[in-house]
Structures are given as structure tokens and as C-alpha cells.
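Just so it is clear: chains get the letters A, B, ... in the order the sequence lines come, proteins before strands, and each one is counted from 1.
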2 protein chains.
Amino acid sequence: MIKVLLAEDQGMMRSALALLLDLEDDIEVVATVTRGDEVVPVALTVRPDVALLDIEMPGASGLEAAAGLRDGLPGCKVLILTTFGRPGYLRRAMEAGAAGFMVKDGPVEDLAAAIRRVLAGEKVIDPVLAAAALSTGTSPLTDRERDVLAAAADGAAISDISRRLHLSESTVRNYLSAAIGKTGTRNRIEAARTARHNGWL
Amino acid sequence: MIKVLLAEDQGMMRSALALLLDLEDDIEVVATVTRGDEVVPVALTVRPDVALLDIEMPGASGLEAAAGLRDGLPGCKVLILTTFGRPGYLRRAMEAGAAGFMVKDGPVEDLAAAIRRVLAGEKVIDPVLAAAALSTGTSPLTDRERDVLAAAADGAAISDISRRLHLSESTVRNYLSAAIGKTGTRNRIEAARTARHNGWL
DNA sequence: GGAGCACCGGGACATTTGTCATGACTGGCT
DNA sequence: AGCCAGTCATGACAAATGTCCCGGTGCTCC
């Protein structure tokens with residue numbers, strides 16, 4: 001019996017997946033959590049064989065949770081399940097020690113198959129996405145550029161960002177300008193869009 | 001037997017819902033579509049009792065599809081199913097003749113119950129959301145303000161927008177300024193955010 | 001026949017944003 | 001030691017943005 005931990009914040013998706021996976025003869029969902037920061041503590045008590053993690057979750061992202069599991073429960077295989085096939089997500093998932101990366105596309109049957117395959121030691125990765133991740137390359141943004149761009153993305157003015165990050169306004173402008181240049185865009189809005197699209201944010 | 005048409009673009013959610021609804025004794029998913037503009041044509045051939053529509057879909061939104069069904073197949077009840085509980089979405093859904101509005105939260109069991117209730121002639125609406133929709137009120141933006149704000153939201157500069165919408169740059173600035181004022185925000189990014197959050201975009 | 005509103009545009013203005021050159025400090029790498 | 005990248009900062013400048021006037025057109029409603 002394969003013991004699965006399911007982390008997914010959207011209620012309907014969570015309950016649907018749990019029901020459908022339980023229908024499989026060899027799979028048992030032993031725990032479901034709705035927040036990223038609940039993954040590791042719960043996993044430590046229920047000891048699942050596979051953790052199925054959404055990326056966008058409150059508390060902590062699935063990628064952070066994956067890194068936590070690698071350190072805290074190395075025997076547990078991590079399968080990332082996400083809505084968005086962002087190249088940067090895949091890259092970060094692999095760096096966090098994930099064994100598989102699936103997009104919430106394609107039928108649910110694939111999911112059970114993927115669970116069995118990661119448990120058998122295989123890596124499960126969408127080939128289209130893998131190619132995109134390789135072609136897009138790694139994020140060109142430095143940590144600070146990412147911070148500043150993320151802050152700018154939700155409408156903060158230069159002065160707001162400078163206060164939030166304890167930087168001078170000039171510095172913020174420089175980082176923002178660098179981010180715009182590196183993303184090949186023309187303003188902060190476009191820069192934030194492409195960064196998000198590539199999973200760099 | 002309740003005949004259901006399911007419109008949902010995300011593969012995993014679509015197949016999961018279809019499977020689970022088919023497990024119900026009195027419900028049968030007679031058609032699934034992945035695009036908003038497929039809803040009406042398919043519905044006209046399969047004649048479902050209930051249409052379960054996602055809002056965010058390629059081709060046409062679920063709200064547009066709902067309006068199309070009201071005109072083309074008035075006997076068919078429309079149940080909107082969406083990720084985002086935006087007040088404006090609910091309002092527009094009701095205006096498009098929807099019989100119910102559900103958020104993709106809460107368990108899947110609710111869905112089957114909602115289907116039976118709309119078929120019985122009831123309106124099914126999340127009470128929390130209904131209150132939010134009433135308190136938020138209708139969109140203060142005029143058509144043009146919405147157009148301009150939507151264009152600005154994905155990074156277009158004033159000059160880009162003026163070309164795209166065949167307006168003078170002065171006019172674009174005026175509309176944008178009006179949108180910022182009406183949303184009570186400080187720049188186009190914040191304005192776009194709150195407009196999106198309220199379902200005004 | 002006003003009053004009100006959505007629409008479209010112009011001009012002037014202050015503010016914000018983005019660019020560029022420059023420099024200091026740090027830590028890592030060779 | 002020299003070199004490079006990342007971090008933080010200044011100042012100056014051009015360009016874009018946002019605000020506030022103003023004017024005109026149509027349309028609807030009372």
C-alpha cells in the first residue's frame with residue numbers, strides 16, 4: 001500500500017484528488033493538508049511514501065515544503081503538482097529534490113501512474129516542460145532584484161519599496177532598472193509579468 | 001437522470017469532476033468541453049439539464065457562455081464554478097441568468113447537491129460571497145475606463161494603449177486617471193489589482 | 001430644453017519612473 | 001594580489017505617468 005500525503009489548498013481539487021486516489025487499489029491517502037507549512041510536521045507523524053505537493057499554497061510554497069521534506073524525511077518521494085508549467089518552477093523543484101513534476105493538465109489517471117513511477121525510483125517530468133526549462137535557462141535576476149521586482153509587482157511605488165526593504169530610493173531604482181534590462185522589457189509591469197511567467201518570482 | 005454539461009479548461013479538474021459526478025446515481029455527465037465558445041454549440045446537440053461552467057476559459061468566459069445558454073437553451077440551468085470568489089463575477093453571473101454560483105472550495109459533495117438544487121429551481125449562492133457582492137457594489141468603471149485599465153494591466157505604455165484602442169494619448173491618460181481615482185488607488189498597477197480583485201476587469 | 005453622463009480630445013504641470021555614470025564595500029575565486 | 005559579482009548609494013537627466021483644467025459631441029431622462 002502506497003501511503004500518500006496530499007497538500008493542496010483548493011478545497012474541491014483536494015477532495016477530488018483524495019477520493020480518486022483512494023479508489024486505486026494500491027494507494028492510500030493518509031493525510032491531506034491545506035498549507036505549505038503543515039507539510040513537514042504532518043509528514044513526520046504519518047510517514048508517507050510519497051508527498052503530492054501543490055506549489056501555490058498559503059504558509060509556504062510547495063517548493064519550500066519539498067526542501068523541508070528532503071532534509072526531514074529523506075525517504076519520502078516528492079511529486080510536485082501545479083497549475084502553472086513555469087520553467088523556473090521545474091528547475092527549483094528539481095533543486096529542492098523533487099522526484100517528479102506534473103502539471104494539473106491531462107487526466108487524473110496520469111497521477112496514479114506518476115506516483116507509482118516516482119516510488120519505483122524514476123523521475124517523472126513533462127518532456128515539453130523540461131525542454132522549456134532548459135531553453136529558458138536559469139533566472140538572470142539577483143536576490144535583491146527579485147525582491148524589488150516582487151514588491152513593485154503589487155503596485156508599490158519606489159518610496160514604498162525603499163521603506164519596505166530598507167533601501168535608499170536610488171538603490172531601488174537601480175535594481176528595478178537592472179531587472180527591466182535583464183528581462184528585456186520596457187517597464188516594471190512587463191518585467192514582473194515575464195519574471196512570473198518564467199517562474200523567477 | 002440529470003444530464004450535465006461540464007465546461008472546464010484545466011484537465012485534471014475536468015476529468016476529476018466528470019468521474020466523481022458520474023459516480024452519483026442520478027447524475028450523468030453527457031459532455032465535457034474545454035473552451036467557452038464550445039459550450040453553446042455542444043449544449044444545443046446534447047441538451048443538458050444543467051451546465052457546469054468555469055469562468056476563466058479560453059475562447060469565451062463562462063459568463064459569456066451563460067448568457068449564450070440563456071438565449072439559446074433557456075431550459076438549461078447554469079451553475080457557475082470558479083476559483084475566484086470575485087464579487088463582480090457573481091453579479092455578472094446573475095445578470096447572465098445563472099442559477100447558481102460556487103467557488104472551487106469546499107468538498108466535491110457540495111457540487112452534486114448544488115446541481116440537484118438548481119434543477120429543483122433553487123438559486124445556489126455562497127452567502128459570504130453574496131454579502132461581499134452587495135457591499136462592494138457594482139463596478140464604478142465605465143466601459144472605456146475598463147478597456148484602458150485592462151490594456152495598461154499587462155504592461156502597455158500610454159502610447160501602446162492609444163494605438164491599440166485608437167484613442168489619443170491625452171484621452172488614454174484621462175481614462176487611466178479616472179480609473180485610478182474611482183478605485184481609490186495611487187497608480188495603474190494598484191488600480192488594475194483592485195479592479196481584478198473585485199471582478200471588474 | 002436643460003441636466004447629467006459617457007465619450008473624446010488638448011494643454012499645462014508636478015511627480016514618478018527609468019537610465020546612466022560613478023564609487024564604496026564585501027566576499028569568493030584564481 | 002587581482003578580478004569579478006553582488007550589494008548599496010549619489011546625482012543628473014530624459015521620459016513616462018498622473019492630475020487638473022478646459023472644450024466639444026452625442027445620448028437619455030425628466
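The residue among A:I189 and B:E169 whose nearest nucleotide of DNA chain C is located toward the 5' end is B:E169.
Of the candidate nucleotides D:dA12, D:dG18, D:dC8, D:dC8 has the atom lying nearest to any side-chain atom of A:T171. For B:R188, counting side-chain heavy atoms from C-beta on, the closest listed nucleotide (D:dT10, C:dG18, D:dG18) is D:dG18. The side chain of B:L167 has C:dC8 as its nearest neighbour among C:dG10, D:dG18, C:dC8. For B:R173, counting side-chain heavy atoms from C-beta on, the closest listed nucleotide (D:dG18, D:dT7, C:dT19) is D:dG18. Candidate nucleotides C:dT19, D:dT17, C:dC7 were compared by shortest atom distance to the side chain of A:S177, and C:dT19 ranks first. Closest contact between the side chain of B:N174 and the listed nucleotides D:dA12, C:dG10, D:dT7 involves C:dG10. Distances from the side chain of B:S168 to the nucleotides C:dT19, D:dG18, C:dG9 place C:dG9 closest.
Between B:L165 atom CG and C:dA6 atom P the separation is 18 Å, expressed in whole Å. What separates NZ of B:K182 from P of C:dC5 is a distance of 10 Å, to the nearest Å. Look at CG on A:L149: it is 10 Å from P on C:dG18, rounded to the nearest Å. Remark: C1' of C:dT16 and CD1 of A:I161 are 12 Å apart, rounded to the nearest angstrom. Rounded to whole Å, the distance from CZ on A:R186 to C1' on C:dG18 is 13 Å.
Put simply, the side chain of B:K3 never gets that close to the backbone of B:V30: no donor and acceptor are under 3.5 Å apart. Distance alone, capped at 3.5 Å, places no donor-acceptor pair between the A:E24 side chain and the A:L21 backbone. Under the 3.5 Å distance criterion, the side-chain polar atoms of A:R92 are matched with a main-chain donor or acceptor of A:G199.
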Show your reasoning for whether salt bridge (charged side-chain N to carboxylate O under 4.0 Å, His left out) applies to B:R116 and B:D49.
CA-CA 10 Å; B:R116 297 192 187 97; B:D49 303 306; over 6 Å; no
Is there a salt bridge (charged side-chain N to carboxylate O under 4.0 Å, His left out) between A:E8 and A:R14 once you walk through the steps?
CA-CA 6 Å; A:E8 160 70 51; A:R14 182 176 64 251; over 6 Å; no
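Considering only side-chain N and O atoms, B:T142 lies under 4.0 angstrom from the phosphate OP1 or OP2 of C:dC7.
Nucleic acid contact for B:S170: base, since at least one base atom lies under 4.0 Å from a heavy atom of the residue. Residue A:R144 is classed as a sugar-phosphate contact, given heavy-atom separations below 4.0 Å to backbone atoms only.
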